[in-house]
Amino acid sequence: MAKKAPVMEIFGPTIQGEGIVTGRKTMFVRTGGCDYSCAWCDSAFTWDGSERGQLMTGEMIWSKLMEIGTVDGIRNFNHITITGGNPALYNEPIAELITYAHAAGVAVGLETQGSRWQDWFLDVDDLTISPKPPSSTMRTDWVVLDSIIDRLPKYSLKVVVFDEADFDYAEVVNARYKPSELYLSVGNDNSSEAGSIAERLLEKLEWLWQKVIATPSMNNAKPLPQLHALVWANKRGV
Ligand code: MET
């Protein structure tokens with residue numbers, strides 16, 4: 001029987017809010033389970049035990065995407081984003097999903113932290129590796145990250161930046177892998193604090209812009225806000 005992975009949510013079409021695919025219309029598939037537990041994780045429900053996922057094969061995930069992403073019999077998307085949790089914990093179900101997507105002419109994006117390798121990474125069209133900075137409380141295993149990045153012909157790098165220490169970490173990542181562009185995503189504390197999330201994010205973005213503007217080693221950086229958080233705050237399922 002085909003292997004299954006826990007899936008926490010499947011939704012869309014929506015607009016991708018961060019990284020190299022920012023602004024792209026896409027469907028989201030969010031797997032459950034993570035080898036990390038980032039202090040500020042915006043999707044902690046995928047790993048903290050508060051919600052239960054549904055075990056699905058790649059074929060089941062594809063069927064669900066088609067079911068919710070079809071309008072008047074016409075597919076209303078040409079891109080899917082696989083995120084989590086860490087989708088790199090799973091092999092067959094995701095490999096199968098990618099096969100279905102590609103057979104339909106649909107491109108595939110992946111968000112992962114670069115802590116685990118899967119052979120299907122080589123079939124992903126937009127692969128974002130997002131190593132986690134000190135504010136996450138996670139420690140990067142550089143040997144593993146090096147080995148993953150060495151095997152990838154094409155990928156993009158994104159680092160979330162909350163504070164000075166995170167910015168220093170982003171500089172280390174940049175110096176180590178020398179990407180042509182380094183995506184910096186301004187930290188979103190995901191709090192339900194009163195007041196506008198957009199306003200807080202834009203204030204932090206200005207701080208990040210000033211840092212990038214003043215730092216020669218960051219000439220290739222693209223500091224961006226989470227576009228979806230500006231428009232929709234931290235709403236789920238959009
Ligand atoms: N764990 C993946 C990443 O680090 C997915 C997003 S984090 C909720 O990119």
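Whatever order the structure lists them in is the order used to number ligands and atoms, beginning at 1.
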Pairwise, report which nitrogen or oxygen atoms of ligand 1 are under 3.5 angstrom from protein nitrogen or oxygen atoms, and how far apart they are.
residue, atom, partner, partner atom, Å
ligand 1, 1 (N), Gly85, O, 2.9
ligand 1, 1 (N), Gln113, OE1, 2.9
ligand 1, 4 (O), Lys132, NZ, 2.5
ligand 1, 9 (O), Thr112, N, 3.3

Who pairs with Glu18 by salt bridge (Lys or Arg N to Asp or Glu O under 4.0 Å), at least two apart in sequence or on another chain?
Lys158
Does Lys4 pair with Glu92 as a salt bridge, N-O distance under 4.0 Å?
no
Checking side-chain polar atoms at under 3.5 Å, does Asn220 have a donor or acceptor matched by the opposite partner on Glu181?
no
Whether Lys204 and Asp163 form a salt bridge (side-chain N of Lys/Arg under 4.0 Å from carboxylate O of Asp/Glu) is what I want to check.
no
Does Lys154 come within less than 4.0 Å of Asp125, counting only side-chain N to carboxylate O?
no
Between Val159 and Pro133 the two heavy atoms that sit nearest each other are CG1-CB, 4.4 Å
